[in-house]
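Presented below is the structure to which this report refers.
The structure presented is a predicted model; accordingly, all values stated were derived computationally and were not measured.
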There are 2 protein chains.
Amino acid sequence: MTEHSDLTRNQSLVLGALEKAEGPLSAYTILDKLRDDGLRAPLQVYRALDKLLDMGLAHRLESLNAFVACAHPHCHNTGLIAFAICETCGQVSEFSDDVVRQRLDAWAKAEGFRPTRTTMEIRGQCRKCAA
Amino acid sequence: MTEHSDLTRNQSLVLGALEKAEGPLSAYTILDKLRDDGLRAPLQVYRALDKLLDMGLAHRLESLNAFVACAHPHCHNTGLIAFAICETCGQVSEFSDDVVRQRLDAWAKAEGFRPTRTTMEIRGQCRKCAA
DNA sequence: GTATCGAACGTTACATCATAACATATCTAT
DNA sequence: ATAGATATGTTATGATGTAACGTTCGATAC
Ligand SMILES: [Zn+2]
Ligand SMILES: [Zn+2]
Ligand SMILES: [Zn+2]
Ligand SMILES: [Zn+2]
């Protein structure tokens with residue numbers, strides 16, 4: 001468990017819930033887990049998530065409408081991040097590949113496209129679940 | 001405009017709406033465009049979309065909760081597809097890169113991960129809008 | 001200290017996206 | 001004709017996300 005000293009109470013609660021979880025959580029699932037801590041409305045969760053995403057402490061999985069704590073919260077890997085999502089057990093692996101980043105950068109440059117953020121999600125089965 | 005001879009009426013209508021559109025459309029926007037053709041309920045659109053996605057004639061943009069007609073409906077590029085989405089004008093470019101596909105395959109093989117489908121979406125500004 | 005400003009918070013109501021469940025219709029092959 | 005599979009139509013509901021409002025809190029300036 002990481003420190004989060006500079007986080008607000010709600011941000012801390014939300015990040016804590018994500019870190020404690022086995023896999024990705026929807027905003028409403030997070031809310032349910034934090035009712036006992038005083039959270040009552042979706043916006044409280046969404047606002048905290050927005051900040052956590054900005055800070056790189058959490059990520060949004062677009063193909064699941066769900067969120068995970070960053071697996072590498074200390075090394076702020078600013079480059080492109082990829083996620084492998086097991087559809088059986090829900091486990092998420094976060095990784096990055098420099099060659100992939102370079103290829104996408106090259107495509108963007110050739111097209112004159114200015115990327116702001118990129119999402120990359122591989123759905124499938126992890127080693128355990130494929131066995 | 002492509003032929004779609006083997007499509008059902010609803011599938012044909014939905015694909016037509018996507019092809020006519022400048023950019024990605026949400027399911028409900030498609031529904032609104034097809035009210036005059038007799039469509040009344042979201043499920044009619046979602047069911048048609050499911051088939052079109054299966055056939056590779058349309059794609060879902062996860063980061064937008066929206067859909068586009070395939071830009072290459074004839075060459076069924078079975079490999080990984082990437083999308084560049086302009087956040088200013090909404091234009092979507094569909095492309096693929098063999099090196100990227102190979103790198104992801106290599107990662108998956110090394111991890112023992114069995115991919116079923118991959119989404120890759122670059123958000124940013126197209127050349128025109130960046131000028 | 002207290003005035004001021006901006007960020008975070010709390011709450012209600014609402015908007016948007018997607019599916020469950022069930023009844024009909026249509027198409028295809030025997 | 002009949003049986004099975006696929007597509008359709010309809011209602012209701014679930015799941016996800018935001019607008020708009022006012023309040024509270026914490027830092028800086030005077
Ligand atoms: Zn991360
Ligand atoms: Zn698994
Ligand atoms: Zn395509
Ligand atoms: Zn543009």
Side-chain angles (χ1 to χ4, degrees), chain A residues 4-18 21 23-55 57-68 83 85 87 90 92 117 119 121 123, chain B residues 4-18 21 23-55 57-68 83 85 87 90 92 117 119 121 123:
Chain A
H4 324 316
S5 47
D6 53 344
L7 298 180
T8 69
R9 169 174 164 81
N10 286 1
Q11 290 162 14
S12 222
L13 286 170
V14 168
L15 183 52
L18 288 176
L25 298 180
S26 77
Y28 279 74
T29 304
I30 295 171
L31 177 57
D32 286 341
K33 287 181 184 298
L34 296 177
R35 296 236 181 242
D36 292 344
D37 297 289
L39 292 211
R40 316 247 108 227
L43 257 195
Q44 297 177 286
V45 174
Y46 281 110
R47 291 204 273 231
L49 282 170
D50 279 348
K51 296 301 179 185
L52 294 172
L53 297 183
D54 281 350
M55 295 187 240
L57 296 176
H59 301 293
R60 175 187 177 82
L61 300 176
E62 303 282 359
S63 67
L64 292 178
N65 295 328
F67 304 85
V68 289
F83 299 92
I85 303 166
E87 295 182 304
V92 175
R117 69 181 179 286
T119 73
E121 301 175 17
R123 309 282 294 266
Chain B
H4 324 317
S5 47
D6 53 343
L7 299 180
T8 70
R9 169 175 164 79
N10 286 1
Q11 290 161 13
S12 221
L13 286 169
V14 169
L15 183 52
L18 288 176
L25 299 180
S26 77
Y28 277 74
T29 303
I30 295 172
L31 177 57
D32 286 341
K33 288 181 184 299
L34 296 178
R35 295 237 181 240
D36 293 344
D37 297 288
L39 293 212
R40 318 247 105 230
L43 255 198
Q44 298 177 283
V45 174
Y46 280 110
R47 292 202 273 228
L49 283 170
D50 280 348
K51 297 300 180 183
L52 294 172
L53 297 183
D54 280 351
M55 297 185 237
L57 296 175
H59 300 295
R60 175 186 174 86
L61 300 175
E62 303 283 0
S63 68
L64 292 177
N65 295 330
F67 304 85
V68 289
F83 299 93
I85 302 166
E87 294 184 302
V92 174
R117 68 180 180 286
T119 73
E121 301 177 15
R123 308 284 293 266

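Taking 4.0 angstrom as the limit, S26(B) places a side-chain polar atom (N or O) nearer than this to OP1 or OP2 of dC17(C). For T8(A) and dA7(C), the shortest distance from a side-chain N or O to OP1 or OP2 is not below 4.0 Å. Look at Q44(B) and you won't find any side-chain N or O under 4.0 angstrom from OP1 or OP2 of dT8(D). Residue N65(B) has no polar side-chain atom (N or O) positioned under 4.0 Å from OP1 or OP2 of dT16(D). Checking the phosphate oxygens (OP1, OP2) of dC27(C), no side-chain nitrogen or oxygen of R9(B) falls inside 4.0 Å. Between N10(A) and dG10(C), a side-chain N or O to OP1/OP2 separation shorter than 4.0 Å is present.
Atom CD of E62(B) is separated from atom P of dT16(D) by 14 Å (rounded to the nearest Å). Atom CG of L49(A) is separated from atom P of dG17(D) by 9 Å (rounded to the nearest Å). The separation between L43(B) atom CG and dT24(C) atom P is 18 Å, rounded to whole Å. With rounding to whole Å, L61(A) atom CG is found 15 Å from dT16(D) atom C1'. One interatomic measurement links the two molecules: CZ of F67(A) to C1' of dA15(D), which rounds to 13 Å at whole-angstrom precision. Atom P of nucleotide dA7(C) and atom CG of D6(A) are separated by 16 Å, given to the nearest angstrom. Atom CG of L31(B) and atom P of dA18(C) are 13 Å apart (whole Å). Distance CD1 (I30(B)) to P (dC17(C)): 11 Å, rounded to an integer number of Å.
Evaluation of Y28(A) against the base of dT16(D) yields a stacking contact (centre distance < 5.5 Å, interplanar angle < 30°).
Within 4.0 Å (heavy atoms only), A41(B) reaches at least one base atom of the nucleic acid.
Distance from the side chain of Q11(A) is smallest to dC9(C) among dA18(C), dC9(C), dT19(C). Out of dG17(D), dA18(C), dT19(C), the shortest distance to the side chain of R60(B) is found at dA18(C). Residue Y46(A) places its side chain closer to dG17(D) than to any other of dG17(D), dT19(C), dA8(C). Closest to the side chain of R47(A), out of dA20(D), dT8(D), dA8(C), is dA20(D).
Counting only heavy atoms from C-beta outward, the side chains of L7(A) and M55(A) approach each other to under 4.5 Å. Contact annotation: the side chain of S26(B) never approaches that of N65(B) to less than 4.5 Å [non-hydrogen atoms, C-beta and beyond]. Side-chain contact check for L25(B) versus K33(B): some heavy-atom pair is nearer than 4.5 Å.
Nucleotides of DNA chain D nearest to K51(B) and T29(A) differ in position, and the one nearer the 5' end is that of K51(B). If G38(B) and D50(A) are placed on DNA chain D by their nearest nucleotide, the residue sitting closer to the 5' end is G38(B). Between A48(A) and P42(A), the residue anchored nearer the 5' end of DNA chain C, judged by the nucleotide with its closest heavy atom, is A48(A).
In the model, E121(B) has a side-chain atom that pairs as donor or acceptor with a side-chain atom of S63(B) under 3.5 Å.
With hydrogens and angles ignored, the 3.5 Å screen pairs a side-chain donor or acceptor of R35(A) with a backbone N or O of R40(A).
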Q: Before giving the answer on side-chain contact (heavy atoms from CB on, under 4.5 Å), spell out for D37(B) and R9(B) the whole-Å C-alpha distance, their side-chain angles and the decisive distance to 0.1 Å.
A: CA-CA 10 Å; D37(B) 297 288; R9(B) 169 175 164 79; 4.0 Å; yes

